[in-house]
Structures are given as structure tokens and as C-alpha cells.
**Student:** 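Let me give you the structure first, and then I'll get to my questions.
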Amino acid sequence: MRLATWNVNSVNARLETVVRWFEEVAPDVACLQEIKCVEEKFPAEAFERLGYNVEVLGQKTYNGVALLSKTPLEDVTRGLPGDESDEQARYIEAVVSGPRPVRVASIYLPNGNPVTTEKFDYKLGWMARLHRHAQGLLALEEPLALMGDYNVIPEPRDAENPERWLDDALFQPRTREAFRALKWLGLSDAYMQADGAPGAYTFWDYQAGAWQRNHGIRIDHALLSPQAADRLRGCEIHRDVRGWEKPSDHVPLVIDLDL
């Protein structure tokens, strides 16, 4: 089973690029982030024509996440549990049906900048909620993939120029500590397990020639439960997509599970 995650930075603005990638790669399951539209405006028909079932949690202009699967999606959860007052569309989870079902979540973790504002507090609070929710999911002892744009640079090796990110919420000690604590629950970083080579980035800013100079960072991750990690067969970052016409500033991360 091939699972992918991709922050598309507005699905309607980049629909031609996104559909092209789906046609070429044909993932069994895809987690999209930052779709930047309400549910009614999501171009579901374009993906349904390719054989996908679609579940969306949208928000006007900002955020928004989606799950697409070639098999039916069951037990859908919209929104990260733990704070009913949170109106930001950043989390959707479902069970992908099949001979061996797998639970998958599409995550768009808050950016948190500037670090001196309530936005950083919201980021840390959101990560604490994700920690508690993941703890409950792991207790189910089933294949689980928590995939998405985590807005976390885990280690200095995950940035071409780590010193440029020292004051950024993505690289703050408390951010990285929260990410490590999440993994310590028993989750495996799919890229580090399958490859781990330095210089593998998933995001390049549009400014200052970051893509051309390879000033990237690795902030899109797939965290796997032991039941999924044991079946991991590979992990790829589709770096070339950043060079396509009208690209997102992120590229797809793809994992293969023997399910």
C-alpha cells in the first residue's frame, strides 16, 4: 500500500499540478494539507474520476486537510480531539478499509510564528493534544500512520542552513522536544527508518532562490505505529515536483507499506 502526504498550498490554485502527480504516482492513500477551501469548494470530482474516495475538513482561505483513498474510508474523525473551541481545520483521520485496514491521519500542525505571540502557545498546546490523542490510538495496537506537515525541523541535519532557523518556531527547543516526546510514545519516523540520508528536504521557500540554492528543510513527516513500521518497505521524497510549473512550496512524501 502506497501512502502519501503533501501540503499542496491551495488545491484549487494548483489543481493541474496536483492531478498530474496523482496520475503519475497513483498513491493508494493521500493526505493533503493547506487545501485553503471549504468542503463545498474542494474539487472532489477531479479525484473521484481517478478512483478516489474523498473526505475533507475545510476552512475558507486558510488551513484545511483532506484524505483520499482508493478504498472506502471509515470511522472518520474531523478535527483533533481535546478542544471543542478550536475552529482551525488541521486534522482529519479515518480507517482505510482493505484486507488489512490501516488508520491514517492528515495533519497540518500550526506554524507557531512569531514565537513571542499566542501563536506559539497555540502550536505547543496543539502538539500536546496530538500527543494525548496519539497515545490513545497507539493503545489500539493497529497499523497507524500520522502523516502531514508538522512544521517541525527535528534536528539540525534537517535544514540546509540550521542557523537561519534558530529564532523560528519550527526549530525552537520546545517544539523539537514536543516532537521527540511524540515519537517516544512508540512512533517511528518513516524517512529516518527507511533512508535517513541527510540533505533530504520537503520544503523550500518561494523567496530568495531557496529552491535553486537548495536551502530546504524537512518538515513533512510520516510517523508510524510499530504495527505499521514493521511493514515499511520504503520512503521517498518526490523532490522533482518542486521544479514543476506552479509548484507548492512543499513536495510529496511517499511511503510503501506491505499491507
Side-chain angles (χ1 to χ4, degrees), residues 1-5 27-33 55 57 65-67 69 71-84 86 88-110 122-155 158 174-196 202 218-235 253-259:
M1 177 182 286
R2 175 160 289 184
L3 295 84
T5 181
D28 298 294
V29 182
C31 305
L32 303 183
Q33 302 88 41
E55 295 288 349
L57 177 64
V65 286
L67 280 172
S69 172
T71 59
L73 293 164
E74 303 169 349
D75 192 21
V76 179
T77 298
R78 290 177 172 82
L80 181 64
D83 184 358
E84 294 183 0
D86 187 1
Q88 296 193 29
R90 295 183 173 275
Y91 185 92
I92 188 168
E93 168 197 315
V95 173
V96 177
S97 62
R100 187 175 178 87
V102 56
R103 188 178 297 271
V104 179
S106 179
I107 294 170
Y108 182 39
L109 202 144
Y122 174 65
K123 179 188 187 83
L124 294 178
W126 206 96
M127 295 184 79
R129 274 197 287 146
L130 179 60
H131 187 282
R132 292 191 295 270
H133 185 56
Q135 198 167 23
L137 295 179
L138 285 166
L140 300 175
E141 297 186 350
E142 62 186 9
L144 168 70
L146 301 176
M147 306 180 67
D149 176 3
Y150 278 76
N151 271 315
V152 175
I153 304 170
E155 301 293 342
D158 297 309
R174 294 175 69 189
T175 299
R176 295 164 60 199
E177 179 184 0
F179 187 74
R180 286 194 300 270
L182 182 62
K183 292 196 297 180
W184 287 343
L185 289 174
L187 294 164
S188 298
D189 180 332
Y191 178 76
M192 295 304 296
Q193 177 178 329
D195 189 324
T202 61
R218 188 174 74 96
I219 58 175
D220 301 87
H221 308 295
L223 299 186
L224 307 179
S225 69
Q227 294 78 12
D230 286 347
R231 295 175 174 271
L232 181 65
R233 295 295 175 264
C235 180
L253 172 73
V254 181
I255 65 172
D256 287 300
L257 300 179
D258 185 13
L259 290 174

**Student:** Which heavy-atom pair separates P27 from A30 by the least distance, and what is that distance?
**Tutor:**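 Here P27 and A30 meet closest at CG-CB, 4.3 Å.
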**Student:** Measure the spacing between CG of L185 and NE2 of H133 and express it to the nearest 0.5 Å.
**Tutor:**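 NE2 of H133 is found 12.0 Å from CG of L185.
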**Student:** Any Lys/Arg nitrogen of R218 or E155 sitting under 4.0 Å from an Asp/Glu carboxylate oxygen of the other?
**Tutor:**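 So R218 does not pair with E155 through a salt bridge.
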**Student:** Between D28 and R2, does any side-chain N to carboxylate O distance fall below 4.0 Å?
**Tutor:**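 Salt bridge absent between D28 and R2.
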**Student:** Would you compute the distance between atom CD of E55 and atom CG of L73 and round it to the nearest 0.5 angstrom?
**Tutor:**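 So the gap between those two atoms works out to 5.5 Å.
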**Student:** Is atom CZ of R233 surrounded by more than 12 heavy atoms (other residues, nucleotides or ligands) closer than 6.0 Å?
**Tutor:**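 Yes.
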**Student:** Hey, what do you get for CG (L109) to CG (D220), rounding to the nearest 0.5 Å?
**Tutor:**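 So the gap between those two atoms works out to 11.0 Å.
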**Student:** Less than 4.5 Å apart, any side-chain heavy atom of C31 and any of V65?
**Tutor:**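 Heavy-atom side-chain distance check fails, nothing below 4.5 Å.
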**Student:** Which atoms form the tightest heavy-atom contact between V76 and A94, and what is the distance?
**Tutor:**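 In this case the closest contact between V76 and A94 is CG2-CB, 3.9 Å.
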**Student:** Do R90 and P110 have side chains that get closer than 4.5 Å, going by heavy atoms?
**Tutor:**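 They are in contact (side-chain heavy atoms under 4.5 Å apart), so the answer is yes.
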**Student:** Assess whether side-chain contact (heavy atoms from CB on, under 4.5 Å) is satisfied between Q227 and L144, documenting all intermediate values.
**Tutor:** CA-CA 7 Å; Q227 294 78 12; L144 168 70; over 6 Å; no
**Student:** Does the R176 side chain pair with the main chain of P154, one donor and one acceptor, at a distance under 3.5 Å?
**Tutor:**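 Such a contact is found between R176 side chain and P154 backbone.
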**Student:** Given side chains that start at C-beta, do those of L224 and L257 come closer than 4.5 Å, heavy atoms only?
**Tutor:**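 L224 reaches L257 side chain to side chain.
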**Student:** E74: which residues meet the salt bridge (Lys or Arg N to Asp or Glu O under 4.0 Å) condition with it, sequence neighbours left out?
**Tutor:**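 Per chain and number, E74 pairs via salt bridge (Lys or Arg N to Asp or Glu O under 4.0 Å) with no residue.
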**Student:** Should N151 and Y108 count as side-chain neighbours, where that means a heavy-atom distance under 4.5 Å?
**Tutor:**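 N151 vs Y108: side chains touch.
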**Student:** Just one of V95, L3, V96 clears the side-chain contact (heavy atoms from CB on, under 4.5 Å) bar with S69, so which one?
**Tutor:**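 Single pass found, and it is V96.
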**Student:** Can you check whether L138's main-chain N or O pairs, donor with acceptor, with S225's side chain at less than 3.5 Å?
**Tutor:**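 No, the answer is negative, given that no donor and acceptor are paired below the 3.5 Å cut-off.
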**Student:** Once rounded to the nearest 0.5 Å, what's the spacing between atom OG1 of T202 and atom CG of D158?
**Tutor:**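 With rounding to 0.5 Å, OG1 (T202) is 9.0 Å from CG (D158).
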**Student:** Please answer whether the main-chain N or O of Q33 pairs with a side-chain N or O of S106 as donor and acceptor at a distance below 3.5 Å.
**Tutor:**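 Not a single qualifying donor-acceptor pair exists.
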**Student:** Should D256 and L232 count as side-chain neighbours, where that means a heavy-atom distance under 4.5 Å?
**Tutor:**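 No, every pair of side-chain atoms sits at 4.5 Å or beyond.
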**Student:** What pair of heavy atoms forms the shortest contact from A178 to M127, and how long is it?
**Tutor:**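 Nearest heavy atoms, A178 then M127: CB-CE, 3.6 Å.
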**Student:** Looking only at heavy atoms, which two atoms of I255 and A222 are closest? And how far apart?
**Tutor:**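 Heavy atoms of I255 and A222 come nearest at CG2-CB, 4.2 Å.
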**Student:** Below 4.5 Å, heavy atoms only, C-beta onward: do Y150 and T175 meet side chain to side chain?
**Tutor:**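 Not in contact.
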**Student:** Rounded at 0.5 Å granularity, tell me how far CD1 in I107 sits from CG in L80.
**Tutor:**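 Here the rounded value is 8.0 Å.
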**Student:** So which atom in A4 and which in M147 form the shortest heavy-atom distance, rounded to 0.1 Å?
**Tutor:**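 The answer is C-CE, 3.8 Å.
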**Student:** Please state whether the rings of H221 and F179 are parallel, tilted or perpendicular, taking 30° and 60° as the class boundaries.
**Tutor:**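 Aromatic pair H221/F179 classed tilted.
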**Student:** Would you compute the distance between atom CZ of R103 and atom CD of E93 and round it to the nearest 0.5 angstrom?
**Tutor:**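 The distance works out to 5.0 Å.
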**Student:** Between R231 and P143, is there a side-chain heavy-atom distance shorter than 4.5 Å?
**Tutor:**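 No; the side chains remain at least 4.5 Å from each other.
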